[in-house]
Amino acid sequence: MFEHTFIGLDVHAVNVVGHALNPDTGEITRHTMTADPAVVLEWVRRFEPPVKVVYESGPTGFVLARHLRAAGIDCVVTASSKLLRAPGDRVKTDRRDARVLAEMLAVGSVTEVRIPDPDEEALRDLSRLRSGAAKDLAHARQHVNAILLRHGIRYPKDTRWTKEHRLWLHRQHFDEPALQFSYQADVEQAELLAAHLARIDKQVTATAAACRYTPVIDALMCLRGIQITTAYGLAVEIGDWNRFTGSTIGSYLGLVPSEQSSGQSRHQGPITKAGNTYARKLLIEAAWQHRRPYARPGERLLRQLDLVAPATRIRALEGNHRLHRKWEHFDERDKMPVKANTAVARELAGWCWSLAAPLQRGERMNAA
């Protein structure tokens, strides 16, 4: 029986705590080192191969995993949300975390996350920059609306943040100097963030037109409710669509119901909200668009359908009709709109997979 060493690493920005376990000999080695991939590699190489290493996903990213893999070390990154912890375990230290990781790796209980390459991670960073900027802009606009509402000022029209609305905002004036300064600062912040988001959207459009995911983005945009920023976000956040099937991608995105069943009782609750939060949000937003009447593609969809292959075009049209019929069925049953939209988003995820996965499989076959 050959020996195998399992190493758990508790990785932080400044230091790394390692716990090496050899199940055959029972030998345990602990070590604390600086958070330098070269230093960690040097320590890992002290053990007789084969060696397997694991650490938790987190803010330190995948630099260490890539460095170890490039050196021939089998390194995996485990999902933090999937780590098993005893309910009565009230002590948490770096050493204990490293030990738990090594023990879980030894018994095969770690749930691995996919490690993206640097180019893919850069594309994902742009997507998340856009997400953060949109959230900041929404908060800034809420501040402007709130300060006006608190002082009894209401815009007379329903549509806001148009050119006319912005001119109206600049005409508002308060007698108190402190309040006037606060209001002007909030309006200025909202305008600056709007310009910032516009620059990001321009970069997203340029990047989406010439990156590895361009065919997938073009295919996803054939579905209603999915335009350039949504398609780009879904493509780069999910990455390899062939990791899933049409039924499992909904589970990965946390769009399936939670469940608590015991004995003869079975209870399903709200969706799990596991997996990628941003991708789930994009699908939820896109699903609302399928509630609108639909008979044939509009001008934007017609232009987009011309960019894809016939098989993709047919599949996308089928998906658009199917998702709208799903909404009609829910409305006929007086289903709560929020719950209905979540169900449509779950099915929309499957349709996205059916468009993206064949394209990526074809690219791999051509490369081979």
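Note that the structure is predicted; figures quoted are calculated from it, not measured.
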Can a donor-acceptor pair be found, under 3.5 Å and without considering hydrogens, that links the side chain of [X] to the backbone of [Y]?
X      : Y      : result
Ser265 : Ser262 : yes
Arg95  : Val17  : no
Arg96  : Val91  : yes
Thr78  : Thr111 : yes
Ser258 : Thr272 : no
His324 : His290 : yes

Starting at [atom1] of [X], measure out to [atom2] of [Y] and round the result to the nearest 0.5 Å.
X      : Y      : atom1 : atom2 : value
Arg130 : His196 : CZ    : NE2   : 11.0 Å
Leu220 : Ile226 : CG    : CD1   : 5.5 Å
Leu282 : Ile238 : CG    : CD1   : 9.0 Å
Leu83  : Ser57  : CG    : OG    : 8.0 Å
Asp94  : Arg30  : CG    : CZ    : 13.0 Å
Asp119 : Cys211 : CG    : SG    : 8.0 Å

Find out if a path of hydrophobic residues (ILVMFWY) with successive side-chain heavy-atom gaps under 4.5 Å connects [X] to [Y].
X      : Y      : value
Val216 : Trp351 : yes
Leu253 : Leu355 : yes
Val51  : Leu68  : yes
Val63  : Val16  : no

Assess the residue pair Glu259 and Ser261 against the criterion (side chain to side chain donor-acceptor pair (under 3.5 Å)); give the C-alpha distance rounded to whole Å, side-chain angles, the decisive distance to 0.1 Å, and a yes or no. CA-CA 6 Å; Glu259 183 173 343; Ser261 300; 2.7 Å; yes
Determine, stepwise, if the pair Lys163 / Arg166 fulfils side chain to side chain contact (heavy atoms under 4.5 Å, CB included). CA-CA 5 Å; Lys163 182 178 180 180; Arg166 288 194 295 271; 3.9 Å; yes
Hey, could you give me each pair passing salt bridge (charged side-chain N to carboxylate O under 4.0 Å, His left out) that has a residue in residues 62-82? Not counting sequence neighbours. Arg66-Glu121
Once side chain to side chain donor-acceptor pair (under 3.5 Å) is applied, what residue pairs with a partner in residues 214-238 remain, sequence neighbours excluded? Arg128-Glu237, Glu237-Asn276
Heavy-atom side-chain proximity of [X] to [Y] below 4.5 angstrom:
X      : Y      : result
Trp43  : Leu9   : yes
Trp168 : Lys157 : no
Arg199 : Lys202 : no
Leu148 : Tyr155 : no
Arg45  : Glu42  : no

Parallel, tilted or perpendicular, judged at 30° and 60°: which one describes the rings of Trp327 and Phe330? perpendicular
Please find the pair of heavy atoms, one from [X] and one from [Y], that lie closest to each other, and give the distance.
X      : Y      : result
Ala65  : Val77  : CB-CG2, 3.9 Å
Val40  : Thr34  : CG2-O, 4.1 Å
Gln360 : Gly239 : NE2-O, 2.8 Å
Ile217 : Ala208 : CD1-CB, 3.7 Å
Cys352 : Leu234 : SG-CD1, 4.4 Å
Gly8   : Ala102 : N-CB, 3.6 Å

Which residues pass the side-chain hydrogen bond (donor to acceptor under 3.5 Å, both in side chains) test with Asn320, sequence neighbours left out? none
Would you call Arg315 and Glu318 a salt bridge, using N to O less than 4.0 angstrom? yes
Could you verify whether a donor N or O on one side chain and an acceptor N or O on the other, from Gln172 and His151, lie under 3.5 Å apart? no
Residue pairs fulfilling ring pair (Phe, Tyr, Trp, His ring centres under 6.0 Å) with at least one residue in [range], sequence neighbours excluded:
range            : result
residues 89-125  : none
residues 115-141 : none
residues 49-100  : none

Under 3.5 Å, which donor-acceptor pairs do the side chains of residues 173-185 form with other protein atoms, sequence neighbours left out?
{"residue": "Gln180", "atom": "OE1", "partner": "Phe174", "partner atom": "N", "Å": "2.8"}
{"residue": "Ser182", "atom": "OG", "partner": "Ala178", "partner atom": "O", "Å": "3.0"}
{"residue": "Tyr183", "atom": "OH", "partner": "Leu169", "partner atom": "O", "Å": "2.6"}

Take Ile249 and Trp241, measure what side chain to side chain contact (heavy atoms under 4.5 Å, CB included) needs, and give me the verdict at the end. CA-CA 8 Å; Ile249 191 169; Trp241 293 76; 3.5 Å; yes
Begin from the C-alpha positions of His329 and Lys335 and carry the test side chain to side chain contact (heavy atoms under 4.5 Å, CB included) through to its verdict. CA-CA 9 Å; His329 177 64; Lys335 189 77 171 177; over 6 Å; no
Apart from Leu137 itself, which Ile, Leu, Val, Met, Phe, Trp or Tyr residues share its cluster (side-chain heavy atoms under 4.5 Å, direct or through members)? Leu193, Leu197
Linking directly or through intermediates, with side-chain heavy atoms under 4.5 Å: list the remaining ILVMFWY members grouped with Leu149, chain and number order. none
Side chains of residues 338-346: which donor-acceptor pairs under 3.5 Å do they make with residues two or more places apart or in other chains?
{"residue": "Asn341", "atom": "OD1", "partner": "Trp288", "partner atom": "N", "Å": "3.0"}
{"residue": "Asn341", "atom": "ND2", "partner": "Ile284", "partner atom": "O", "Å": "3.0"}
{"residue": "Thr342", "atom": "OG1", "partner": "Val338", "partner atom": "O", "Å": "3.0"}
{"residue": "Arg346", "atom": "NH1", "partner": "Leu255", "partner atom": "O", "Å": "2.5"}

Cation-aromatic face contact Arg141/Trp161, 6.0 Å, 45 degrees: yes
Begin with the C-alpha distance, continue with both residues' side-chain angles, and end with the deciding distance and a verdict on side chain to side chain donor-acceptor pair (under 3.5 Å) for Glu191 and His170. CA-CA 11 Å; Glu191 291 178 340; His170 285 286; 2.6 Å; yes
Between Trp353 and Phe244, is the gap from one ring center to the other below 6.0 Å? no
For Glu103, check salt bridge (Lys or Arg N to Asp or Glu O under 4.0 Å) against everything at least two apart and list the hits. Arg99
Once salt bridge (Lys or Arg N to Asp or Glu O under 4.0 Å) is applied, do any residues pair with Arg114, and if so which ones, sequence neighbours excluded? Glu120
Candidate pair Leu283 and Arg280, rule side chain to side chain contact (heavy atoms under 4.5 Å, CB included), full reasoning: CA-CA 5 Å; Leu283 287 168; Arg280 180 172 63 253; 5.9 Å; no
